[in-house]
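For reference, the structure discussed in these notes is given below.
Chain A is the first sequence line, chain B the second, and so forth, proteins listed ahead of strands; every chain is numbered from 1.
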Protein chains: 2
Amino acid sequence: MTTACQACPLRKKPLFQQMSDDELVFMQKFKKGELSVQAGTTILLEGAASPQLFTVLRGQGLRYKTLEDGRRQVVNFVFAGDFLGLQSALMGEMKHTTEATTDMVLCVFDRNELWNLFRTHPGRGYDLTFLGATEEHFLGDALATLGQREAIERVAWALMRMWRRAEGLGLTGSGTAPLPWKQQDLADAVGLSLVHTNKTLARLKREGIAVWQDGRLALPNRARLAEIAMYDDGDIVQRPLF
Amino acid sequence: MTTACQACPLRKKPLFQQMSDDELVFMQKFKKGELSVQAGTTILLEGAASPQLFTVLRGQGLRYKTLEDGRRQVVNFVFAGDFLGLQSALMGEMKHTTEATTDMVLCVFDRNELWNLFRTHPGRGYDLTFLGATEEHFLGDALATLGQREAIERVAWALMRMWRRAEGLGLTGSGTAPLPWKQQDLADAVGLSLVHTNKTLARLKREGIAVWQDGRLALPNRARLAEIAMYDDGDIVQRPLF
DNA sequence: CGTCTTATTGACATATTTCAACAAAGGTGG
DNA sequence: CCACCTTTGTTGAAATATGTCAATAAGACG
C-alpha cells in the first residue's frame with residue numbers, strides 16, 4: 001500500500017530535477033518499502049551504522065550533533081525530498097542524529113545496493129555526488145553565518161533558508177510556511193542562547209518583518225528579511241530526487 | 001616532466017586509501033598535467049566556473065567565502081591530497097575561493113571527463129561521493145565548533161585539526177607541523193576577532209599547551225589540547241586520493 | 001485542577017569586540 | 001648601508017553583544 005515512484009507527489013515539485021523513465025523504473029526497484037514514524041522518533045542515531053537509507057516523503061525533522069557535555073548543534077532542518085543516511089552508508093556510521101519533528105513517512109532503501117547503483121546507473125551515482133555537493137554548499141553558508149554574522153542576521157538567514165525550502169516544495173501557498181520546530185531548535189541551529197533567539201524573533205515581529213507563531217512563519221516584509229540575512233536567492237538550486 | 005601517478009609521493013601516506021593498478025592507470029590518463037603556482041595565487045574563484053579540477057600535490061592553501069560586506073569565512077585549510085573544484089564541476093560554479101598560501105603544485109584534470117569517470121569507473125565515482133561525505137562531516141564538526149564552543153575551545157579544535165592532518169601526511173616528524181597561515185586566517189576560520197584569537201593563542205603558549213610561531217606548530221601538551229578541543233581522534237579517516 | 005512544556009521579559013554578568021598604540025621583521029629605494 | 005614603509009604580531013583599556021539567571025504567562029494534557 002506504498003506510494004509508487006511513478007505517482008510520487010514530490011517528483012513534480014519545482015525543487016527537483018526531472019527523472020528519466022529508466023531511472024524511475026530503477027528507483028522503484030531500489031525502493032524497499034516505506035517507514036512511518038511518529039513525531040519525536042529518532043530515525044538515524046549519531047555513531048550508529050544504519051542498514052538503511054531514506055528519502056523523506058512527508059513530514060519535517062531535524063539533524064543535530066551532540067557534544068560530549070550535552071550542548072547541541074542543529075546541522076540542518078529536514079524537509080520532504082531530503083536523502084538521509086548516505087554518510088553512514090559510505091563512512092560506516094552517522095555523524096549526526098536525525099529526528100522526526102512531525103509525523104513522517106520515509107521511503108526505505110537498502111544500503112547494500114548502493115554500490116550496485118553506482119555500477120549499473122552511473123547517472124544516479126553522479127546525482128548522489130551532486131547531492132553531497134549541495135549539502136556541502138549549504139554547510140559552507142551556515143558556517144559563514146555562524147562565524148561572521150551577528151544575531152539578527154543569523155536568525156534572518158535561517159528563516160529565509162527555511163522559507164525558501166518550503167517554497168520549493170509548494171508549501172507556502174497560504175502565505176505562511178510550516179515551521180514545526182521550537183525556538184530552542186532554531187537557537188541551537190544558529191548558535192545563540194534561547195533567550196537571545198527569542199528576543200531577536202520578537203524584534204523581527206515587532207518591526208513587521210517576520211512572524212513565527214503556532215508553528216507557521218509569515219513574512220510580511222520578505223525583502224527586508226532577505227536584506228538583513230544578506231540572502232543569496234540563487235542559493236537553492238534544483239536538486240536530484242531519490 | 002610531471003610526476004607519474006605511479007610515483008606519486010602521496011599514495012603511500014597513511015592518510016590515503018590504496019589504489020588498484022587499474023585505477024592507477026586510469027588516473028594517469030585522467031591527469032592532464034601539472035600546475036605550479038606561487039604563494040598568494042588564487043586557484044579557484046568564488047562564483048566562477050572552472051574548466052579544471054585539481055589535486056594538491058605539494059604546498060598548502062586556504063578556502064574561504066567572502067560576504068558582501070567584506071567579512072570573510074575561512075571554510076577549510078588546504079593540504080596535499082585535497083581535491084579541488086568538484087563543486088564547480090557539478091553545480092556550475094564554485095561557492096568559495098581557493099588560494100595558495102605557500103607555493104603549490106597541483107595535478108590538473110579536465111572537468112568534462114568527470115561524467116566519463118562515473119561511467120567507466122564506478123568505483124572512482126563512489127570514491128568521489130565518499131570524499132564529499134568526508135567534507136560534509138568535517139563541515140558539520142566545524143559548524144558545531146563555531147556554534148557551540150567558546151574561544152579557547154575553537155582555537156584548540158582548529159589547531160588539533162591541522163595537526164592531525166599534517167600528521168596524516170607525515171609532516172610532523174620534526175615534532176612540529178608546518179602552519180604557514182596568518183593569525184588572521186585562523187581568526188576568520190573560527191569566527192573570532194584577530195585580537196581575541198591572538199590573546200587565546202598567547203594563553204595556550206603561556207600554559208605550555210601549544211606554541212605556534214614562525215609558521216610552525218608545536219604541541220608540548222597535546223593531550224591537554226585535545227581535551228580542551230573535545231577532539232575526537234577517530235575524526236580523520238582514510239580517504240580516497242585523486 | 002495540578003503539572004509540564006514552551007514562550008516571554010527584565011536585570012545583571014561576562015566573553016568577545018573594538019579601538020589604539022607599539023614592536024618586530026622584511027622589503028625597497030635612495 | 002641606512003631611512004622608510006608595509007605587514008604581522010602583541011598588549012591594554014573601554015565598549016557592547018550576547019549569555020545567564022529568574023520570574024511569569026499561556027497552553028496542552030491527564
Let me know the distance between [atom1] of [X] and [atom2] of [N], rounded to the nearest Å.
X         : N       : atom1 : atom2 : answer
Leu179(B) : dG9(D)  : CG    : C1'   : 16 Å
Leu201(B) : dG9(D)  : CG    : P     : 10 Å
Asn198(A) : dT24(D) : CG    : C1'   : 13 Å
Asp214(A) : dA26(D) : CG    : P     : 14 Å
Asp185(B) : dT8(D)  : CG    : P     : 9 Å
Glu150(A) : dG19(D) : CD    : C1'   : 16 Å
Leu146(B) : dA15(C) : CG    : C1'   : 16 Å
Trp181(B) : dT7(D)  : CH2   : C1'   : 19 Å

* Asked: In terms of side-chain heavy atoms of Gln183(A), which of dA20(C), dC21(D), dA7(C) is nearest?
  ->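 The closest nucleotide is dA7(C).
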
* **Among dG9(D), dA7(C), dT18(C), the nucleotide that comes nearest once only the side chain of Lys182(A) is considered** =>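 Of the candidates, dA7(C) comes closest.
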
* **Sugar-phosphate only, base, or nothing, as touched by Leu192(B) at under 4.0 Å among non-hydrogen atoms** =>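 Sugar-phosphate only.
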
* Asked: What nucleic acid atoms does Gly215(A) come within less than 4.0 Å of, heavy atoms only: base, sugar-phosphate, or nothing?
  ->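 Result for Gly215(A) = nothing.
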
* Asked: Looking at Phe79(B) versus Trp181(B), is the centre-to-centre ring distance below 6.0 Å?
  ->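 Here the rings of Trp181(B) and Phe79(B) have centres that are less than 6.0 Å from each other.
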
* Asked: Are any non-hydrogen side-chain atoms of Leu217(A) and Thr176(A) less than 4.5 angstrom apart?
  ->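 Contact flag for Leu217(A)/Thr176(A) side chains = no.
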
* Applying side chain to side chain donor-acceptor pair (under 3.5 Å) between Asp188(A) and each of Arg72(A), Gln73(A), Lys182(A), report the one that passes. =>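 That would be Arg72(A).
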
* Candidates Leu44(B), Val74(B), Ile43(B), Leu84(B) - the one meeting side-chain contact (heavy atoms from CB on, under 4.5 Å) with Arg63(B) ->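 By the side-chain contact (heavy atoms from CB on, under 4.5 Å) criterion, Arg63(B) pairs with just one of Leu44(B), Val74(B), Ile43(B), Leu84(B): Leu84(B).
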
* Asked: dG9(D) base to Lys199(B) side chain: any donor-acceptor pair below 3.5 Å?
  ->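 Check fails, no donor-acceptor contact within cut-off.
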
